[in-house]
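As the structure lists them, so they are numbered: ligands from 1, and atoms in each ligand from 1. Side-chain atoms are counted along with the backbone in the values below, which use heavy atoms only and exclude waters and symmetry mates. Throughout, numbering of the chain's residues begins at 1 and tracks the sequence.
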Amino acid sequence: MSGSALPQPAFPAGSAPDGGRAVGAQPLVVRTAPISLPDGGLTTLVDLLPDAKPLAWVRRGDGIVGWGEALRITTTGEARFSDADAAWQSLLDRAVVRDDVRLPGTGPVAFGSFAFDATSDDGGVLVVPRVVVGRRGDRAWITTIAAGLDAAPTAALLDPARRTPVTGPGAVTESDGAVAAADWPAIVADAVERIQAGRLEKVVLARDVVATTGRALDPRWLLRRLAAGYEATWTFSVAGMVGATPELLVRSEKGLVASRVLAGTIRRAPGMTDDDALLHAAQLARSSKDLEEHEHAVVSVARALEPFCTSMNVPEQPFVLHLPNVMHLASDVTGVLDRDATPSSLALAAALHPSAAVCGTPTVPARDLIREIEGMDRGRYAGPVGWTGADGDGEWGIALRSARLDDADPRRVRLFAGCGVVAASDPAAELAESEAKLVPMRWALRG
Ligand SMILES: C=C(O[C@H]1C=CC=C(C(=O)O)[C@@H]1O)C(=O)O
């Protein structure tokens with residue numbers, strides 16, 4: 001989408017009260033009411049999802065899940081973020097909202113997922129569910145959203161009898177993605193040479209693997225396992241993009257922003273003792289190659305946030321984030337938004353994307369090198385994924401440790417992993433690191 005015309009929201013067939021004519025004129029009617037949820041621990045929310053088209057953004061049992069589709073906004077190209085934001089805003093301008101809970105994630109909510117590259121075949125998508133259920137600590141709520149209809153948020157919507165059973169994927173086989181694993185180190189070596197020649201400082205290169213499942217893949221299967229097994233991550237599902245990302249691009253809440261920047265990785269072998277893990281963590285924290293990779297990522301995020309903030313806190317030293325498969329150098333950057341220019345969370349995500357954690361430094365040469373040598377369309381992998389609410393607040397992660405379910409073949413899924421490459425990178429070690437980053441999705445698929 002490049003021009004000034006706004007993308008028109010698409011309403012699912014049969015959902016428009018007038019049978020599909022002039023649906024854009026129908027205001028969204030949104031109602032949020034408090035509920036009590038049984039404590040199902042880390043999977044409380046994802047266990048409520050009734051069908052195989054789940055929407056989710058959950059961490060440590062809190063967050064939001066959604067189902068049904070009140071409407072969908074799709075965009076393309078450079079303006080994929082701003083067009084989506086403007087279309088969402090124009091829907092909100094006419095929405096009729098009753099919110100009896102008033103927490104982040106209550107009232108109107110859209111789940112979104114955006115392509116890494118403006119030239120991708122994928123663009124951006126915002127999905128507005130018919131039902132949203134959320135939890136934050138001891139508070140829980142249900143929201144209903146409909147175009148022109150007033151659907152009461154009743155407990156009946158959570159009736160387990162409405163849920164279709166979740167079936168496992170069956171036997172999983174794998175095949176090469178766009179570039180075979182054996183050929184990928186040569187691409188990394190090419191990048192290292194160009195970095196050493198001074199053409200850029202860092203580039204993040206990714207690869208994909210195709211998994212074929214014995215039965216149609218139900219994303220709820222993946223969500224349940226990821227939410228339980230990777231609790232320090234944000235488990236997400238939006239329009240066929242599913243994963244558990246440890247990296248938060250931006251959270252915007254009541255004038256405060258936060259970003260968890262990751263770059264610099266060490267593998268954690270299965271069964272590693274806590275003592276060994278601590279030794280590895282210390283090794284990572286001292287590795288000049290990883291510290292360099294990390295510094296690029298922190299600087300790119302801090303620079304992008306600065307114009308929007310009156311004050312910021314950028315840690316001088318990263319900490320080590322421990323995940324079951326890898327450890328990362330991590331920095332939590334925070335800021336106070338300028339009251340006069342309060343941007344929406346989606347506008348902030350657009351300004352931050354692509355950070356050096358997924359693209360490189362400087363941004364444009366890194367992006368151009370990715371286009372030239374990576375050999376695949378990343379689609380929505382490594383793009384912003386998350387949600388936005390009525391006041392523009394929201395949370396956007398980077399779609400890492402993720403998979404794209406095939407819209408045309410429910411037994412086919414592409415898994416992705418990428419690695420930051422700097423002058424000191426070793427191509428074979430980067431391949432091994434990419435394998436470690438594929439572990440969460442492979443584990444979630446196998447069960
Ligand atoms: C690009 C990915 O990870 C990024 C985030 C954390 C650490 C990274 C690294 O150490 O290379 C990557 O920059 C991925 O998981 O696909």
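Under 4.0 Å from any atom of ligand 1, one finds heavy atoms of residues V204, E247, L262, A263, G264, T265, E293, H328, A357, Y381, L400, R401, A417, G418, C419, G420, E433, K437.
The pair D218-R220 counts as a salt bridge, with a side-chain nitrogen and a carboxylate oxygen less than 4.0 angstrom apart. Salt-bridge formation is not detected for the pair E430/K437: no Lys NZ or Arg NE/NH1/NH2 atom is positioned less than 4.0 Å from an Asp or Glu carboxylate oxygen. Salt bridge R224/D47: present, at least one basic N to carboxylate O contact under 4.0 Å.
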Worksheet item: What do the steps show when you test T273 against D275 for side-chain hydrogen bond (donor to acceptor under 3.5 Å, both in side chains), and what is the final call?
Response: CA-CA 5 Å; T273 63; D275 280 353; 5.5 Å; no
Worksheet item: Taking it one step at a time, do R136 and T106 satisfy side-chain hydrogen bond (donor to acceptor under 3.5 Å, both in side chains)?
Response: CA-CA 10 Å; R136 184 164 167 130; T106 64; over 6 Å; no
Could you give the side-chain donor-acceptor pairs of residues 165-183 under 3.5 Å, partners two or more places apart or in another chain?
residue : atom : partner : partner atom : Å
E174    : OE1  : R442    : NE           : 3.4
E174    : OE1  : R442    : NH2          : 2.8
E174    : OE2  : R442    : NE           : 2.8

